[in-house]
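Here the structure comes first, spelled out in structure tokens, and everything after it is commentary.
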Amino acid sequence: MSPSPTGRVRAPASLVAAASLALALPLPPRAARAQSASEIGAQAARPPALPPAETMLRLASPDGRSVVTVELRDGVLHYHVARGATQVLLPSRLGFAFRGAEPLQRGLRLVDSARAERDTTFALPWGEVARVRDHHRELRVRVAEAAAPGRTFAVVFRAFDDGVAFRYELPAQPALGDFAMTDELTEFALAEDPKAWWITATRSMPDRQEQLYTSSPASMADTVHTPLTLQLQSGVQAVIHEADLVDYAGMYLGLVPGGGRTFRTSLARWKDGTAVQGRTPFVTPWRTIQLADRVEELAPSTLTLRLNPPSRVADASVYRPMKYNGVWWGMHINTETWESGPKHGATTANVKRYLDFAAAHGLGGTLVEGWNRGWEDSWVEKGAFSFTEPYPDFDLAGLARYARSKGLTLIGHHETATNVTNYERQLDSAMALYARVGVRAVKTGYVGDTTDQGHAHQSQYMVRHHRRVIETAARHGIGVDMHEPIKDTGERRTWPNMMSREGSRGMEFNAWGGEGGNPPEHETILFFTRLLAGPMDFTPGIFDLTLSRSASGARKPWEPRPRTTLAKQLALYVVIYSPLQMVADVPESYLGPDGRPHPALKFIRDVAVDWDTTRVLSGRIGDHVVVARKAKGRDEWFVGAITDEEARTVDVALDFLPRGRAYVAEVYADGPGAHWRDDPQPIAISRRAVTAATRLRIAMAPWGGQAIRIRPAAT
């Protein structure tokens, strides 16, 4: 996160296959039996009974387990979704509402349908996995109003083994040219009332993603952000999100009044209340329902990547994953300032100190916040930053040269305070400056709930703005790390310079945030919610866990501070994925009294940031996560395990290792007596021989974790 004050329009694709016969899906018979009171109550919360379907089309995934059924009932288009024998969504309505016109939802007739199947594999320049298989079946359904004005649209459905997705196509047509969309009427009618993990998107805080997650029955949820993670009684997991968000408003989900457990899309707004402005031909983002039989199968999630276009970057190798440090944490603990003055962090001398530390410990770069004019006075309200003029005590070009001489890069910073007009005025010149001096990455920031013009943070206006930033940065060969971002919908496949983003409560909340900091279960929830959307710049690696180096001195146990053990801080480098991983503490926190590196720093030096394979070995949302990742291009695995407030022991098999080969596990575990409040520092470092037949017992202290490097025994 940047500092807190308190905290395309594309033409529709042509048909790729001839229309095939529709497959009827009969409704399952109901057994005659007595009903319990809970069942009667559940039925009362269901959507009202629908008339018989006039048309029914069924689309199944290649493995047959993910099924979407499309129905035209009484002139209204519906879809519903099942996972094996489990009904996930009941018939849910589709359509739009436009300003000055009747809703495009009723009185529809089927025009035609077409089917296709695709099975391809593509490589990622960086990611949780090196290659992604895109195997899906597609159904395209075109409908039109039976009466005047005769507007028409199509819905394209895709069924994957791990979920389903659909989007609308609005073709060019006399009855619908320029439009102002007031609502998208897509529904998600849940077949039961599953447990949900959510953060609110209400009028009071519509775009504040920096919240603690609530778990509740879905019917008790507020208007919420996506991804929305749902856990059904059968054990099926469902995650509702979106993909390929380009020229559209960001989607929230709100319960339909009186609809029990039916969610409807709720779109972020322009200042005038419009949701989407456009002209046909026009396509919407994909609405995605990721499905899994076990919670461990949710990650790694690549569904949104498969729904985005291929890369438009000629050479993505310039966007290299790395670990970095930076002039940042000191501001949050009040030992440095963004603005110029006696404690100014972004001075030439201080940044050289950070660069020297980065070079000595195998990092790739150093972030510098507060280097540019504009941080004085009420910067949050004004956002009157210069993005090309440094403070007098900061030598941008000289420091960039100094970084390059050590094999590093400076990471620039553009905080806007949501004064988007000011930023866009300088955007091209600011990116050109970075490219000219050799800054290879930029961290952007958007502290504020609405833009300077009054548009919502996730509005179409901001979606367009963020895409302009990404594309401008790509023209200059600059990677982007976005804070207070638009949500991640898989655009990193198309624009691999869009490397990481925030979009939730990160580490800085442990320095000054409410509720005393992030609670111990926070990261175990993030893994199965926010991180299913894409990488997160969480900024782990705090070694001074009592914040004894802060300007206010030693903290009381209940004051904001990292609620973790040291071993958990190491484990977060594996659990929370980002190709840009910050070594977030100030340099002196990684050194002992004698100036020698802390022994635990070796794990941060060794851990990879780019992966061939990811496997979740064990997990329960809100309780614990154990994940193993294989380093890209290296015969090394890293395991990260974290727990909540409970001490926990988890046995995991290492059967992902090649058979017949000997390995060494370097284990960084919670030491004797380790506890986040009383003594978070103890860490036990050990080594043991392991093979594919080994079962590891991972013991974690309350609020703790464990980090493991597994390397060939011969090295």
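Sorted by first then second residue, the ring pair (Phe, Tyr, Trp, His ring centres under 6.0 Å) pairs that include residues 521-541, not counting sequence neighbours, number zero.
Every residue two or more places apart in sequence or in another chain was checked for a salt bridge (charged side-chain N to carboxylate O under 4.0 Å, His left out) with R605, and none qualifies. Take R697 and apply the salt bridge (charged side-chain N to carboxylate O under 4.0 Å, His left out) test, not counting sequence neighbours, and it matches D651. The salt bridge (charged side-chain N to carboxylate O under 4.0 Å, His left out) check on D161 picks up nothing, with sequence neighbours excluded. Residues satisfying the salt bridge (charged side-chain N to carboxylate O under 4.0 Å, His left out) criterion with E636, sequence neighbours excluded, are R634, R709.
Taking a cutoff of 4.0 Å between a charged side-chain nitrogen and a carboxylate oxygen, D635 and R661 qualify as a salt bridge. Salt bridge status for E210 with R505: absent, with no side-chain N to carboxylate O gap under 4.0 Å. Using a 4.0 Å cut-off between charged nitrogen and carboxylate oxygen, E296 and R294 count as a salt-bridge pair. Between K632 and D610, at least one side-chain N (NZ, or NE/NH1/NH2) sits under 4.0 Å from a carboxylate O, which counts as a salt bridge. Look at D606 and R711 and you find no salt bridge, because none of the NZ, NE, NH1 or NH2 atoms lies under 4.0 Å from a carboxylate O. Residues D134 and R493 are not paired through a salt bridge, judged by the lack of any N-O separation under 4.0 Å between the basic side chain and the carboxylate.
No side-chain donor-acceptor contact under 3.5 Å links T304 to the backbone of T302. A donor-acceptor pair is defined here as one N or O able to donate and one able to accept, closer than 3.5 Å; such a pair exists between the side chain of S500 and the backbone of D537. In this structure, T226 contributes its side chain and L228 its backbone to no donor-acceptor pair below 3.5 Å. In terms of modelled atom types and a separation under 3.5 Å, the side chain of D585 and the main chain of Y590 share no donor-acceptor contact.
With Y252 as reference, D207 is the one residue of T223, T202, D207, T265 to meet the side chain to side chain donor-acceptor pair (under 3.5 Å) rule.
Between L190 and F263, the closest side-chain pair of non-hydrogen atoms falls below 4.5 Å.
The two residues A631 and A608 have their closest heavy-atom pair at CB-CB, 3.6 Å.
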Side-chain atoms of residues 212-221: list all donor-acceptor pairs with protein atoms under 3.5 Å, sequence neighbours left out, distances to 0.1 Å.
residue: S216; atom: OG; partner: W198; partner atom: NE1; Å: 3.0
residue: S219; atom: OG; partner: D193; partner atom: OD1; Å: 3.3
residue: S219; atom: OG; partner: D193; partner atom: OD2; Å: 2.6

